[in-house]
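Read through the structure below, which is laid out as structure tokens, and then see the notes.
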There are 2 protein chains.
Amino acid sequence: MRRDIFQAIADPTRRAIIALIAVHAMTPSALAEHFDSTRQGISKHLKILTECQLVKQEQQGREIYYQLEIDKMKEIDNWLEQFRKVWETRFQQLDDLLLTINMK
Amino acid sequence: MRRDIFQAIADPTRRAIIALIAVHAMTPSALAEHFDSTRQGISKHLKILTECQLVKQEQQGREIYYQLEIDKMKEIDNWLEQFRKVWETRFQQLDDLLLTINMK
DNA sequence: TATATACGCAACTGATTAGTTGCGCAAATT
DNA sequence: AATTTGCGCAACTAATCAGTTGCGTATATA
């Protein structure tokens, strides 16, 4: 069982679920209406999202509302940080190049 | 064959490859030395990374240098954009809350 | 109290995946 | 010219994954 964030967002259905519950919490049945698959299928995705703590549950009577743990999404942002440095450096290099050309 | 960026970065070995070649281009054999798997195993990962255009090749004699297409990484950043709005809103809400408390 | 609804869990299936070994080919070295 | 090195490709295997159907259980409604 790999079950990390990156594995969680690899599936397009899960990314769609994340986008939906980012707006407001939803039940598995409500979510399933947005997709072609069954409620159980969506539940499985929610289980994976829960296991890697991207999602938390809130029981209300017989309904369970799933909500996005927005802070967990920042982990992806943090991972991207190391590459942001690279693309800023490359941009700087392009900048330097343009400067050199202008100085000719 | 899914083969999109999110599927590409789902594998920890591929993320490690990306991090390595972000610094400078490397050959499959050189990359393989950093991992427990075989050169062919690494080549398979490079093939997936190439297919989703996260990586480009440059042949030099019999060696093939693989280089990161840093711009493609920005696609992940773009996807995160929609959630940045959410976490900024939540932050703003917390801010508003604190303001309300202070006003009491 | 009977019935409908919302859900999770378990078992199953077909597809995909990460990894392997074993080629063959082209470039470099001897 | 013979050998070594670097590589991609194909075939295979074991594991994982997305999705299904079929339960059981708890909550709500009639």
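All values below come from the heavy atoms of this structure, side chains included, with hydrogens, waters and symmetry mates left out. First the proteins, then the strands, lettered A, B, ... as listed; each starts at 1.
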Start with the C-alpha gap between A:Ile17 and A:Phe35, add the side-chain angles, then the distance that decides, and say whether side-chain contact (heavy atoms from CB on, under 4.5 Å) holds. CA-CA 9 Å; A:Ile17 290 173; A:Phe35 302 94; 3.9 Å; yes
Quick one: which of [options] gets closest to the side chain of [X]?
X	options	result
A:Ile48	C:dA18, D:dA18, C:dG8	D:dA18
A:Ser37	C:dT20, D:dT20, D:dA18	D:dT20
B:Arg14	C:dA18, D:dC17, D:dA18	C:dA18

When you look at A:Asp4 and B:Arg15, which way does the salt bridge (charged side-chain N to carboxylate O under 4.0 Å, His left out) test go after all the steps? CA-CA 13 Å; A:Asp4 63 42; B:Arg15 285 201 301 281; 3.6 Å; yes
State whether [X] places a side-chain N or O below 4.0 Å from either non-bridging phosphate oxygen (OP1 or OP2) of [N].
X	N	value
B:Gln7	C:dT16	no
A:Thr27	C:dA6	no
B:Ser29	D:dG6	no
B:Thr13	C:dA18	no

Atom-pair distance ([atom1] on [X]; [atom2] on [N]), nearest Å:
X	N	atom1	atom2	answer
A:Leu31	C:dG8	CG	P	11 Å
B:Asp4	C:dT16	CG	C1'	14 Å
A:Glu33	C:dC7	CD	P	10 Å
A:Tyr65	C:dG8	OH	P	13 Å
B:Gln57	D:dG6	CD	C1'	13 Å
A:Ile64	C:dC9	CD1	P	9 Å
B:Met26	D:dG6	CE	C1'	14 Å
A:Lys47	C:dA11	NZ	C1'	13 Å

Under 4.5 Å between side-chain heavy atoms, hopping through other hydrophobics if needed: is there a path connecting B:Ile18 to B:Ile42?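 Linked, B:Ile18 and B:Ile42 end up in one cluster.
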Report yes or no: do A:Ile9 and B:Ile48 belong to one cluster of Ile/Leu/Val/Met/Phe/Trp/Tyr joined by side chain heavy-atom distances under 4.5 Å?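 No.
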Begin from the C-alpha positions of B:Arg3 and B:Glu51 and carry the test side-chain contact (heavy atoms from CB on, under 4.5 Å) through to its verdict. CA-CA 7 Å; B:Arg3 226 117 287 191; B:Glu51 274 170 20; 2.4 Å; yes
Strictly distance-based, threshold 3.5 Å: is any side-chain N or O of A:Gln53 a donor or acceptor partner for the main-chain N or O of A:Thr50?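 A pair under 3.5 Å: no.
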Produce the list of close N/O pairs, under 3.5 Å, pairing protein atoms with atoms of nucleotides 23-30 of chain C; give distances to one decimal.
| residue | atom | partner | partner atom | Å |
| --- | --- | --- | --- | --- |
| C:dA27 | O3' | B:Arg62 | N | 3.4 |
| C:dA27 | N3 | B:Arg62 | NH1 | 3.3 |

Does a donor on one side chain sit under 3.5 Å from an acceptor on the other, for A:Tyr65 and A:Gln67?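 No - no donor-acceptor pair under 3.5 Å links their side chains.
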